[in-house]
Engineer: 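First the structure, which I've put down as C-alpha cells, then a few questions once you've had a look.
Any value given below was found using the heavy atoms of this structure, including those in side chains, with hydrogens, waters and symmetry copies removed.
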Amino acid sequence: MRGHRYTSTSAVFGAITVFIGYLMWLQMHRYAQLGAYAFDLGIFQQAVWLMSQGKTPFVTVRGMNILGDHFTPILYLIAVPYRFWSHPFWLFLAQTVALAAGAIPLYRLTLRRTQKEWVAAIIAIGYLLHPALFTMLLFDFHPVLLSVPFVLWAMDAADEGRPKIFAIASVFALACKEEIALSVASLSAYAAIVLKRRWAWWGVVGSVAWAFAVLKIMPSLTGVEHSAYLALYSRWGTTPLGILWGILSRPLEALKELVLCQGHATAPGVYPLLLLAPFAFFPLLAPEVLLFGLPNYAVIALNERVTLRELGYQYASTLIHWLAFASSIAWGKLLKIGNDLPQRSRRRWLIFVSLTWLVCVSFGAYRYGPPVIQRFTGDMLPLEEAKEIVNFLHRHIPPNASVTAPTSLVPPLAHRERIYLFPNPFQQVAFGPSVEALRHQIEMRAKPLPENEFHRRMKEQLVDFVILKAATNFWPLGADGYDTLAVNALTCPHYGIIAVRKDLLILKRGANFVKGLQLIGINPNVPKERLRSEVQFAWERLRNLAL
C-alpha cells in the first residue's frame, strides 16, 4: 500500500514539475520574443513595480488605480521579490505554481473520497491537462489565477471539516479578485447545506460582507459611482442587486443563455461542452456540486463579452475548481457502482471508467491545447531580433522617462511611473474607469482624432518619448485607426525622430522635427501642404520593409 501511494504521489508531483517547467518556458519565451501585451502583462508589471517601490499603484497603462480596476491585494505579496529583481518572471512563476499547486488539495480530497491512490492521481493529472487550465497561462498574467489553489484548499478543508484551514484559504482566495467572493460564498453554502458544516455559514456572511465592502472601495479609488464592468450585464440591470433581480425575474431567458452561451469563435452551446468533455462529462454526475458552482458559471455565461467564453483566457479559473471537485465526487459514485457488481464485472467497470476518463483528458489536451498555444505565441518575433529591439529601446530611452508605445512594446518598458499604450494619453482609448473605455477594449472602433487636435494634445501632454512600429499589433485600435494616428504623431512638430531601426521609430519631445523626418527619407524642403502625404508614403514604405 505504501509503495502504491508513493508511486501515485510521485506521478502527481512529476506531472506538477513538468507542468511548471513547460509553462514557465513558454511564458518566458513569449515575453522575451515580444509576444506579450500591454493588456494585461504590462498593466500588472507596472502595478507590481509601483507597489515594490512603495508607490500608489496608479497604472498609466490602464489609466486607473489597479485596485480600482479589480481588487487584487494579493499583488503586494509578489511585490516583495519584485523589489529585488523587477522582472515578470515573478508574475509567471506565481500563477504557474498556483495552478500547478491546485493538484495537491484535489489529490487529497479525491483520496479521501475514493480511498484509491491511483484514482486520486489520475484526477489530479487530469486537472493539469484540462485545456481551459493550462492555456490560460499563455495570456499574460492575471491575479485571479492565484485564487485556484486557495479555493481548492478551501474545498478540501470543507470536505474534511477543518474550519481554520478553510478560513485561511478563503481569505487568501478573496485577496485575488473581487469576484472570488462569489466562489467562497457558494462553497461556504455547499459546506453548510450539503456537508452540514454549521461553521461554514460564517463563510457565507464573511464573503458577502467582503463583496459589498470591495464594491464600495473600488469605485472610490477611481472616482466613479459603479464599476464599469457592471455595464457588461446591462441587459439584466445596472447595479449588482438589479442584475440579480433581472436574471431571477426572466428565468427562461437566463436559462437559454446558460445553455447556449456562445464565444467569439464557437457555436452556441459549445463552451459548456469544452469545459465538460475533457473531464469525460463526469462532473454531471455530481449535480449537488455544480448547482453551487452555477453562480460562477452565470457570471461568464450571462456576460455580453464573448471572449469570456473562449479557451485561453483567465475567466475559466473560477469554474475549473468546481469541475475538478465535481469530478472527484463523481468518481466516488462510479466506484460505488462498481463495488456492487460481481468481481469480474467490477474489474471491467473500472477499466471502462478509467479508459473513458484518460481518453477524454488526453484528447481534450491534444485537440484544444496546441491551437490555443499557437494563437498566443503566433506573433512572437525571432529571439535575436526581439533582443535587438529591446536593446535599441533601452539604449535610447532613459529608465525614468515617460513613454507611449504599441502593445507588444509596453512590457519591456513597463517598469516606470508613466508608460502608456499608444495612442494614450494623446487620445484616450481603452483608458480609464469609464464604460466607454471598456467598450474600446472589445470593439476597437475608436475614431481617430483630426490631425490638428491630436497635435494640440501632443503639445499639452508631457510625454517624453513616442514609439511607433509600422508592422505591429495595433490593438486597441483598428489597422486604419492606428496608421492614421501614427501619421498624426509623425507630422507633429513638437516631436522629432531620433532613432530608426527598420520599421521601428523613436520620437522624442523637443527633438529636431525636420532632421527627424530626414531619417525616414523625407525631403526637409517639402511644402507643408504635401507633408502628410509624404509621411504616409514613408510609413507605408516602412511597413513593406518589415514584411
Engineer: For residues 275-284, run the donor-acceptor check on the side chains, cut-off 3.5 Å, and write out each pair with its distance to 0.1 Å, sequence neighbours left out.
Structural biologist:
none

Engineer: Given side chain to side chain contact (heavy atoms under 4.5 Å, CB included), test Y190 with M155 step by step and report yes or no.
Structural biologist: CA-CA 10 Å; Y190 170 84; M155 288 176 168; over 6 Å; no

Engineer: Going by the angle between their ring planes, with limits at 30° and 60°, are H87 and W85 parallel, tilted or perpendicular?
Structural biologist: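 If you compare the ring of H87 with that of W85, the planes turn out parallel.
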
Engineer: A side-chain contact here means heavy atoms from C-beta on lying under 4.5 Å apart; do P295 and L182 qualify?
Structural biologist: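 The answer is yes, as the side chains (C-beta and beyond) meet within the 4.5 Å cut-off.
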
Engineer: Before giving the answer on side chain to side chain donor-acceptor pair (under 3.5 Å), spell out for Q314 and Q95 the whole-Å C-alpha distance, their side-chain angles and the decisive distance to 0.1 Å.
Structural biologist: CA-CA 11 Å; Q314 71 276 18; Q95 66 179 7; over 6 Å; no

Engineer: Taking all atoms of both residues into account, what is the closest heavy-atom pair of E310 and V306, and its distance?
Structural biologist: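 Reported closest heavy-atom pair: CG-O, 3.8 Å.
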
Engineer: Run the numbers on D140 and Y37 for side chain to side chain donor-acceptor pair (under 3.5 Å), then give the verdict.
Structural biologist: CA-CA 7 Å; D140 296 338; Y37 308 131; over 6 Å; no

Engineer: Give the ring-plane orientation class for Y22 versus W25, where under 30° counts as parallel, over 60° as perpendicular and anything between as tilted.
Structural biologist: parallel

Engineer: Take F141 and I78, measure what side chain to side chain contact (heavy atoms under 4.5 Å, CB included) needs, and give me the verdict at the end.
Structural biologist: CA-CA 12 Å; F141 170 82; I78 305 177; 3.9 Å; yes

Engineer: Under the side chain to side chain donor-acceptor pair (under 3.5 Å) rule, what do T407 and N473 come out as? Steps first, then yes or no, please.
Structural biologist: CA-CA 7 Å; T407 184; N473 185 325; 5.6 Å; no

Engineer: Report yes if the side chains of Y107 and Y127 come closer than 4.5 Å at any heavy-atom pair, otherwise no.
Structural biologist: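 They are not in side-chain contact.
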
Engineer: What pairs of donor and acceptor atoms, side-chain ones from residues 347-355 against any protein atom, are under 3.5 angstrom apart with sequence neighbours left out?
Structural biologist:
| residue | atom | partner | partner atom | Å |
| --- | --- | --- | --- | --- |
| W349 | NE1 | L334 | O | 2.8 |
| S354 | OG | L350 | O | 2.7 |

Engineer: Which atom names give the shortest non-hydrogen contact between L41 and P411, and what distance separates them?
Structural biologist: CD2-CB, 4.2 Å

Engineer: Ring-plane angle category for F150 and F172, please: parallel below 30°, perpendicular beyond 60°, tilted otherwise.
Structural biologist: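 Rings of F150 and F172: parallel, under 30°.
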
Engineer: Does the ring of Y313 carry R305 above it, NZ/CZ under 6.0 angstrom from centre and within 45° of its axis?
Structural biologist: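 No; the conditions do not both hold, so R305 does not lie above the ring face of Y313.
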
Engineer: Give the intermediate values and the outcome of side chain to side chain contact (heavy atoms under 4.5 Å, CB included) for residues L133 and F19.
Structural biologist: CA-CA 11 Å; L133 182 89; F19 180 93; 4.1 Å; yes

Engineer: Mind running side chain to side chain donor-acceptor pair (under 3.5 Å) on Y82 and H415 for me, showing each step along the way?
Structural biologist: CA-CA 11 Å; Y82 223 84; H415 301 139; 2.6 Å; yes

Engineer: T377 versus Q33: any side-chain heavy-atom pair under 4.5 Å?
Structural biologist: no

Engineer: Flag the pair R250 and E257 as a salt bridge only when some basic side-chain nitrogen lies within less than 4.0 angstrom of an acidic carboxylate oxygen.
Structural biologist: no

Engineer: For the residue pair Y229 and D69, confirm or rule out a side-chain donor-acceptor distance under 3.5 Å.
Structural biologist: yes

Engineer: Looking at CG of L145 and OG of S317, how far apart are the two atoms once the value is rounded to the nearest 0.5 Å?
Structural biologist: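 The CG atom of L145 sits 5.0 Å away from the OG atom of S317.
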
Engineer: Just grab all the salt bridge (charged side-chain N to carboxylate O under 4.0 Å, His left out) pairs involving residues 102-116, residues at least two apart or on different chains.
Structural biologist: R108-D156, R108-E160, R112-D156, R112-D159, R112-E160, R113-D159

Engineer: Over all heavy atoms of both residues, which pair between L230 and T238 is shortest? Give the atoms and the distance, please.
Structural biologist: CD1-O, 3.8 Å

